[in-house]
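A quick note: this is a predicted structure, and the numbers were derived from the prediction, not measured.
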Amino acid sequence: MARNTALVALLVMSLGTACTDDPLPSMPATGSGSGSPTSFDPPSSSSTTSEHPTTTEPTTSSTTSTGDLSTGPDGSVCGDGIVGDDEQCDLGDANANTGACTLECKHASCGDGLVHEGVEQCDFGLGNDDSYNGCRPLDCQYGPRCGDGVLDVEHEICDRGELNGTGVTDDEFAPCSLMCGYFGRLLFMTSQKFDGDLGGVSGADLKCHAAASAAGLPNANKYRAWLSDNFQSPETRFDQWDLPGVPVILTGGLIVADDLLDLVDNGPHTGIARTEFGEALFKERVWTNTSAFGEIFSIDDHCDNWLAADGLLQARSGINALVVEDGPEWDSWRAERWWTSFAGLTCSAFAHLYCIDDGFVLEQED
């Protein structure tokens, strides 16, 4: 009996030792049966590598790259040559903001602020309008503007289209400037008359300035009177005595001479019949004391150097124009240079002045 009891005790002790010495060997069997790791079985680096191959990273990179290029819900890309759901057009590499399909894959249209070459002349976007120098909103063509060859009397003095700025004219009127004004040195007769007390030659120049300014003429303070005293004349005091190729013109654009030297050498082509305001006057007397060649006519008769309105003194005067530019009188007016030297006039009388632009600026195209 005692022996049996001892055997039972020994058996119990052996079983206890087997259950407590190494419990882990039973764990894999449980994990293997479920097919998934437990909280006690975190994957090692080696097991991760074997169970999750390195194809994951390249796959993620490829997906990101495609997403960055896509501009439409269907994955289309503007510029790929395929018209996507949110694109109006796509010509691939031919997309251009100057072409039929823009860089945003939209059809070129008047008002988009982009100029479609060969189709539109201009496009100011929301600024398109039909005003002068505007861009027509209907077809994106230029509206009325300087250089279109059509005279817009509210904004232009002349417009010869492509001839503007070339110095070329096809009639008796002056060439057009790049700004659609007349190209030439303006010569006018003052609308106002003065006695012989002009305040000297410099005083006469100031009267020309005032007249030009009142009429809104350019270079108003650069005009000089065609006038001589006993020691100076237009030939000696004009800054632009020799300015070849610049015609001398009247208000209204009519050409008087090809240039100032032509006026002196050959006389005016036509009468100087326009005032600073464009009024036409004929057979008016003009103070000059100047010969046909722009020189002093008399060193004695000049109204005391244009400082005296004395009836006992006199000075040379001219006749500005004739009504009929034909016949013997007209021939004499031209040949004998009556425009600048016709006859003496008492200094108490009233006469006009000739004024010429002496600060002409040759325009340059940008």
task: Could you check if a side-chain atom of Arg285 sits within less than 4.5 angstrom of a side-chain atom of Asn320, using non-hydrogen atoms only?
output: no

* Asked: For Ser298, does its backbone N or O pair with a side-chain atom of Asn289 as donor and acceptor, under 3.5 Å?
  -> yes

- Message: Are Phe350 and Gln192 packed together at the side-chain level, in the sense that at least one heavy-atom pair is separated by less than 4.5 angstrom?
- Response: no

inquiry  = So does His209 get a backbone contact from the side chain of Ser213, meaning a donor-acceptor N/O pair under 3.5 Å?
reply    = no

Q. How about Leu103: does its CG atom have over 12 heavy atoms from other parts shown lying under 6.0 Å from it?
A. yes

Side-chain (Asn266) to main-chain (Leu263) donor-acceptor, under 3.5 angstrom = no

Note: with side-chain heavy atoms under 4.5 Å as the link, the other cluster members for Val168 come out as Leu163

The reported gap from CE in Met189 to CD in Glu284 (rounded to nearest 0.5 angstrom) is 5.5 Å

Q.
Strictly distance-based, threshold 3.5 Å: is any side-chain N or O of Ser202 a donor or acceptor partner for the main-chain N or O of Gly200?
A. no

Residues pairing under ring pair (Phe, Tyr, Trp, His ring centres under 6.0 Å) where one sits in residues 262-288, two or more places apart or in two chains, turn out to be Trp287-Trp306

So OG of Ser228 and CZ of Phe297: to nearest 0.5 Å the spacing works out to 11.0 Å

Item to complete: For Ser341 and Arg316, test the side chains for any donor-to-acceptor distance below 3.5 angstrom and give the result as yes or no.
Response: yes

Scanning both residues in full, the closest heavy-atom pair of Leu345 with Ser317 reads CB-OG, 3.9 Å

Take Asp152 and Arg145, measure what salt bridge (charged side-chain N to carboxylate O under 4.0 Å, His left out) needs, and give me the verdict at the end. CA-CA 8 Å; Asp152 189 312; Arg145 64 199 300 103; over 6 Å; no

- Query: Could you go step by step and tell me if Asn95 and Asp90 meet the side-chain contact (heavy atoms from CB on, under 4.5 Å) rule?
  - Reply: CA-CA 7 Å; Asn95 288 349; Asp90 197 328; 3.4 Å; yes

* Asked: Is a side-chain donor-acceptor pair under 3.5 Å present for Asp171 with Thr169?
  -> yes

Q.
Go through it in stages, so that I can follow the logic: the residues are Trp241 and Leu261, the test is side-chain contact (heavy atoms from CB on, under 4.5 Å), and I'd like the CA-CA distance, side-chain angles, deciding distance and then a yes or no.
A. CA-CA 7 Å; Trp241 181 250; Leu261 292 185; 3.6 Å; yes

To the nearest 0.5 Å, atom CD of Gln141 lies from atom SG of Cys110 at 8.0 Å

Output for pair (Ile272 CD1, Leu281 CG), nearest 0.5 Å, gives 12.5 Å

Original post:
Same cluster for Phe194 and Leu307 if Ile/Leu/Val/Met/Phe/Trp/Tyr side chains link at under 4.5 Å?
Top reply: no

Heavy atoms of Ala308 and Cys347 approach each other most closely as O-CB, 3.5 Å

With Cys355 as partner, the option from Leu186, Thr190, Leu187 fulfilling side-chain contact (heavy atoms from CB on, under 4.5 Å) is Thr190

_Does Lys207 have more than 12 heavy atoms from other residues, nucleotides or ligands lying within 6.0 Å of its NZ?_
yes

* Is the shortest heavy-atom distance from the side chain of Glu295 to the side chain of Thr290 under 4.5 Å? -> no

Can you check side-chain contact (heavy atoms from CB on, under 4.5 Å) on Arg224 and Phe238, steps first, answer last? CA-CA 7 Å; Arg224 292 187 186 275; Phe238 273 38; 3.7 Å; yes

Using only the SG atoms, establish whether Cys122 and Cys140 come within less than 2.5 Å of one another. no

Heavy-atom nearest pair, Trp330 first then Val324, reads CB-O, 4.0 Å

Exercise. Carefully, step by step, assess Thr270 and Glu325 under the rule side-chain hydrogen bond (donor to acceptor under 3.5 Å, both in side chains).
Key: CA-CA 8 Å; Thr270 185; Glu325 296 186 341; 2.7 Å; yes

query: For the side chain of Arg337 and the backbone of Arg334, is there at least one donor-acceptor N/O pair under 3.5 Å apart?
result: yes

d(Asp357 CG, Asn219 CG) to nearest 0.5 Å is 4.5 Å

Query raised in the report: Side chain of Arg185, backbone of Gln240: donor and acceptor closer than 3.5 Å?
Result: yes

Do Ile356 and Val256 share a hydrophobic cluster (ILVMFWY, side-chain heavy atoms under 4.5 Å, transitive)? yes

>> Has Glu156 got a side-chain atom pairing as donor or acceptor with Cys180's backbone, closer than 3.5 angstrom?
In response: no

Charged N to carboxylate O under 4.0 angstrom, Arg160 versus Asp170? yes

Result for ring-ring contact (aromatic ring centres under 6.0 Å, His included) between Tyr354 and one of Phe188, Trp339, Tyr223 points to Trp339

On a heavy-atom basis, the closest approach of Leu254 and Glu172 is CD1-CG, 3.4 Å

Closest non-hydrogen atoms of Gly184 and Phe360, given as atom of the first, atom of the second and distance, are O-CE1, 3.3 Å

Q) Heavy atoms, side chains only, cut-off 4.5 Å: are Thr236 and Ile296 in contact? A) no

Q | Under 2.5 Å between SG of Cys89 and Cys105 | A | no

(Q) Apply side-chain contact (heavy atoms from CB on, under 4.5 Å) to residues Glu276 and Ser191 and explain how you reach the verdict. (A) CA-CA 7 Å; Glu276 68 272 24; Ser191 56; 2.8 Å; yes

message: Checking the side chain of Asn164 only, and the main-chain atoms of Leu178 only, is there a donor and an acceptor separated by less than 3.5 Å?
response: no

Between the CG atom in Asp197 and the CG atom in Asn305, the distance rounded to the nearest 0.5 Å is 11.5 Å

Cluster overlap Phe183 with Leu243, hydrophobic side-chain contacts below 4.5 Å: yes

Note: Ala273 and Leu250 closest approach over all heavy atoms is N-CD1, 4.1 Å

| said: Do Leu198 and Leu227 make a side-chain contact, defined as non-hydrogen atoms from C-beta onward lying under 4.5 Å apart? | reply: yes

Margin query: So Phe173 and Cys158, do their side chains get closer than 4.5 Å, heavy atoms only?
Written below: no

>> ring pair (Phe, Tyr, Trp, His ring centres under 6.0 Å), that's the test. Do Phe342 and Trp333 meet it? Break it down for me.
In response: CA-CA 9 Å; Phe342 174 69; Trp333 184 90; over 10 Å; no

Quick note, salt bridge (charged side-chain N to carboxylate O under 4.0 Å, His left out) partners involving residues 98-119, not counting sequence neighbours, are Glu104-Lys106

* Tyr132, OH atom: more than 12 neighbouring heavy atoms under 6.0 Å -> yes

Check: Between Asp205 and Ala225, is there a donor-acceptor pair closer than 3.5 Å when you use the side chain of the first and the backbone of the second?
Finding: yes

Note to self: Between Ser233 and Gly294 (side chain of the first, backbone of the second, donor and acceptor by atom type, cut-off under 3.5 Å), is there such a pair?
What the structure shows: yes

#### Entry: Any side-chain heavy-atom pair of Leu313 and Thr346 under 4.5 Å
no

_Side-chain heavy atoms of Thr340 within contact of Trp226, under 4.5 Å_ = yes

